[in-house]
Amino acid sequence: MAKIIAGVGTSHVPAIGAAVDHDKTETPYWKPLFDGYKKAREWMTETKPDVVILVYNDHASAFSLDLIPTFAIGVAPEFQPADEGYGPRKVPVVEGHPELAWHITENLILDEFDITIANNMPVDHGLSVPLSIMCDKPAKWPCKVIPLCVNVIQYPQPTGNRCYSLGKAIKKAVESFDEDITIAIFGTGGMSHQLQGERAGLINEDFDKKFLDDLTQDPVGLTKISHTEYIRESGSEGIEMVMWLVMRGALDDNAHEVYRHYHVPASNSGAGLIILEND
Ligand code: DHB
Ligand code: FE
């Protein structure tokens, strides 16, 4: 049977993708961040998941105010990099896993967890930057990817608790897929940042580090963080961290931490990365 073996939490700052694309990762500004990614990339190469379920958010690339699914899953054989205004990133096309994606979709919906089905969904930095962080600059991504898109852009976003429950439903769905494949689930976005308004530039290291600690020590406590608390403590864009709770919910309760890296600043954000493995 299919099995979720690990979860990764990581920021998706677009400038990190640009640093990779333009070979700037050894410059004084970027080197401390990318040095911390080395171990994560080694882990990815050694662990070699067959499929990554990549929980991310679209930044008005595939969707707009015309259409705002709370949760959407990509079931297509491939996903093209989106043009975010300066041409699509020159990264490999994302190869999907339609069979597993449809299996998850069917199981989620029959489990009364309605999700939007996306047959055509260009993917922006929200998805491609985490892949660049974990896989560097390959000619082809090393695994298949099922994009799972969460609305964290437009109020009302789903609660952290709903995201955690979605993770649990995904775990159940994956475990009934009759193929011996290994799966990693990525929760992306964050960490603390605010790109707009009077508090633009806000970063809260203490909040971010406690969030990283609590992924193993008190994940249920994290599900109780309200929207107001995310905004107050981690800035208007800190709400992206609810996507990490989909990842956490999909792991075993006693999953353990195998690696973490936290660096400030990366563009306007606290950049965090954590790897959790099931026992
Ligand atoms: C930045 C971070 C984000 O998460 C994003 O979507 C856009 C910009 C930033 O820190 O610059
Ligand atoms: Fe973002």
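We count ligands from 1, going down the list as the structure has it; atoms in each ligand are counted the same way.
Here the N, O or S atom of Glu240 that is nearest to the Fe ion (ligand 2) is OE2.
Here is the list of ligand 1 atoms found below 4.0 Å of a heavy atom in His125: 5 (C), 6 (O). In summary, the atoms of ligand 1 found under 4.0 Å from a heavy atom of His193, numbered by their order in the structure, are 2 (C), 3 (C), 4 (O).
Salt-bridge formation is not detected for the pair Asp21/Lys137: no Lys NZ or Arg NE/NH1/NH2 atom is positioned less than 4.0 Å from an Asp or Glu carboxylate oxygen. Ion pairing between a basic and an acidic side chain is recognised when a charged N comes within 4.0 Å of a carboxylate O; Lys209 and Asp214 show no such pairing.
Using a 4.5 Å heavy-atom cutoff, the side chains of Glu95 and Glu78 are not in contact.
Among protein heavy atoms, the minimum distance from atom 10 (O) of ligand 1 is reached at Ser269 OG, 2.8 Å. Atom 6 (O) of ligand 1 has its closest protein heavy atom at His59 NE2, 2.9 Å. Protein heavy atom at the shortest distance from atom 11 (O) of ligand 1 is Ser267 OG, 2.6 Å. Of all protein heavy atoms, the one lying nearest to atom 1 (C) of ligand 1 is Pro14 CD, 3.7 Å.
Counting only N and O atoms by type, the side chains of Asp208 and Ser192 include a donor and acceptor under 3.5 Å apart.
Contacts between Glu237 and ligand 1, counted as non-hydrogen atom pairs separated by less than 4.0 Å, are absent for every part of the residue.
The Fe ion (ligand 2) has an N, O or S atom of His12 closer than 2.8 Å. Among the backbone and side-chain atoms of His193, no N/O/S atom is found under 2.8 Å from the Fe ion (ligand 2).
Ring planes of Tyr259 and His261: parallel class, angle under 30° (limits at 30 and 60°).
For His59 and His12, the gap between ring centers is short of 6.0 Å.
For Tyr155, the OH atom is loosely surrounded, since the number of other residues' heavy atoms within 6.0 Å does not exceed 12.
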